[in-house]
Amino acid sequence: MMKRRFLLLAVTFLMAVMIPAAGVSAAPRTMSDGTVFDAEFYAASYPDVVAAFGNNADIMYVHYVLFGKAEGRLAVAPGTSAPSGSSSSFDAAYYAARYPDVANCLGYDPAILKLHYDLYGKNEGRFANAAEEAAAAASSVPVPAPAPAPVQTTASTDNSFEMQVLNLCNAQRAAYGLAPLSWDASNLAPGAAVRAQEITAVFSHTRPDGTSCFTAVRNPGRLGENIAAGQRTPEEVVEDWMNSPGHRANILNVNFTKLGVGHVYVAGDMYGHYWVQMFSS
């Protein structure tokens, strides 16, 4: 059976990152799964990450957990063993991935995430790290779970791939007690259709003319874009998006209320199917 090839990229217009001064200096840290992350190695190995997000050690760590690991990037030089006593009680990358509602509102700055946990998260029953959540589960402490999905009464009868993506995303939102996204036929859908054509040539959130992806639509407020390539069906692309923290965060963003979807099939192309979601508040 031919191995399925696919690509994913996600962006949110108001995602906040801190760009610190030059120079990475931080001791390797032990992650919640027992493996090691070395910010100095990561920054030196992946200058594209430094160029996009800065070279703060905490930001490097958050990028690796949320994106780098899934992209096949290395967290540490091969053969490095875990340092003793390097793990932190608060894991910002875990917190952002576990609670996308917080990250969507506050961004990924570790200091801000820690402040949220101290002021609100702990009292709300949120966990500071994966080990704490695992210990709670082992001791039979209830772990917050998605609410049961209500009966869907607003699904469209349009059976196009684009509308199937809308309905599948709304089913995911319903499982978490979130309001459904409405179809924006006048703005986001045409923009997503244009973007789907564009990513067949340049798979990026930057358009072929060098401008931001969001210039394809009018700017009604907060915006987000998910793109993907290689998934053959709406079910496959929504599953891949939901398995990726950045894309999942857009789909489950409580601030987004509207959606447009674009899909293009290119016969003979290595990926074949190209997909775009455009969100707005």
Side-chain angles (χ1 to χ4, degrees), residues 8-17 66-67 95-109 112-113 116 126 144 146-147 149-150 152-156 158 160-196 198-199 204-207 212-228 231 234-235 237-263 274-281:
L8 297 172
L9 277 179
V11 66
T12 303
F13 182 62
L14 294 183
M15 185 179 78
V17 295
L66 293 181
F67 308 110
Y95 199 72
R98 179 67 173 82
Y99 305 113
D101 59 316
V102 177
N104 289 336
C105 292
L106 301 180
Y108 299 102
D109 182 338
I112 296 297
L113 293 173
H116 179 276
R126 301 180 192 263
Q152 294 296 298
T153 59
T154 60
S156 169
D158 183 341
S160 67
F161 271 12
E162 293 84 353
M163 202 59 65
Q164 288 182 54
V165 170
L166 169 70
N167 292 333
L168 288 166
C169 289
N170 279 340
Q172 293 289 344
R173 289 174 66 89
Y176 286 83
L178 301 177
L181 299 166
S182 61
W183 184 256
D184 186 349
S186 65
N187 185 27
L188 297 180
V194 169
R195 289 288 298 130
E198 291 179 346
I199 66 170
S204 170
H205 293 300
T206 300
R207 303 181 70 185
S212 163
C213 59
F214 300 123
T215 62
V217 299
R218 297 187 304 275
N219 185 2
R222 184 187 296 261
L223 294 167
E225 179 181 80
N226 286 348
I227 65 177
Q231 298 81 359
E235 290 79 8
V237 73
V238 172
E239 179 183 2
D240 285 342
W241 276 330
M242 287 298 294
N243 286 333
S244 170
H247 303 85
R248 175 189 177 96
N250 274 343
I251 292 172
L252 300 182
N253 191 322
V254 296
N255 295 306
F256 289 146
T257 59
K258 298 179 181 180
L259 178 68
V261 180
H263 168 257
Y274 292 82
W275 308 83
V276 174
Q277 288 181 305
M278 300 204 78
F279 304 84
S280 76
S281 59

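In this text, all values refer to a predicted model and were calculated from it rather than measured experimentally.
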Which atoms form the tightest heavy-atom contact between [X] and [Y], and what is the distance?
{"X": "A228", "Y": "I199", "value": "O-CD1, 4.0 Å"}
{"X": "G262", "Y": "A196", "value": "C-CB, 3.8 Å"}
{"X": "L188", "Y": "S280", "value": "CD1-OG, 3.6 Å"}
{"X": "N250", "Y": "F256", "value": "O-CD1, 3.3 Å"}
{"X": "L178", "Y": "L252", "value": "CD1-O, 3.2 Å"}
{"X": "M278", "Y": "C213", "value": "CE-O, 3.8 Å"}

Donor-acceptor check, side chain of [X] to backbone of [Y], threshold 3.5 angstrom: yes or no?
{"X": "T257", "Y": "S182", "result": "no"}
{"X": "R173", "Y": "A179", "result": "yes"}
{"X": "N170", "Y": "P180", "result": "no"}
{"X": "D184", "Y": "A189", "result": "no"}
{"X": "W183", "Y": "L166", "result": "no"}

Inset, instruction - Under the salt bridge (Lys or Arg N to Asp or Glu O under 4.0 Å) rule, collect the residues that match up with E198, sequence neighbours excluded. - result: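 Result, salt bridge (Lys or Arg N to Asp or Glu O under 4.0 Å) vs E198: R195, R207.
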Can you tell if the side chain of [X] reaches within under 4.5 Å of the side chain of [Y], non-hydrogen atoms only?
{"X": "V165", "Y": "W275", "result": "yes"}
{"X": "V261", "Y": "F161", "result": "no"}
{"X": "E225", "Y": "S212", "result": "no"}
{"X": "Q277", "Y": "W241", "result": "yes"}
{"X": "V237", "Y": "H263", "result": "no"}
{"X": "H116", "Y": "I112", "result": "no"}

Inset, instruction - Report the distance from atom CG of L168 to atom CD of Q172, rounding to the nearest 0.5 Å. - result: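 Separation between the atoms: 8.0 Å.
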Inset, instruction - Identify, with sequence neighbours excluded, every residue that meets side chain to side chain donor-acceptor pair (under 3.5 Å) alongside S244. - result: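 Once residues adjacent in sequence are excluded, the partners of S244 under the side chain to side chain donor-acceptor pair (under 3.5 Å) criterion are H247.
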Inset, instruction - Starting from the C-alpha separation in whole Å, work towards a yes-or-no answer on side chain to side chain contact (heavy atoms under 4.5 Å, CB included) for Y274 and I227. - result: CA-CA 8 Å; Y274 292 82; I227 65 177; over 6 Å; no
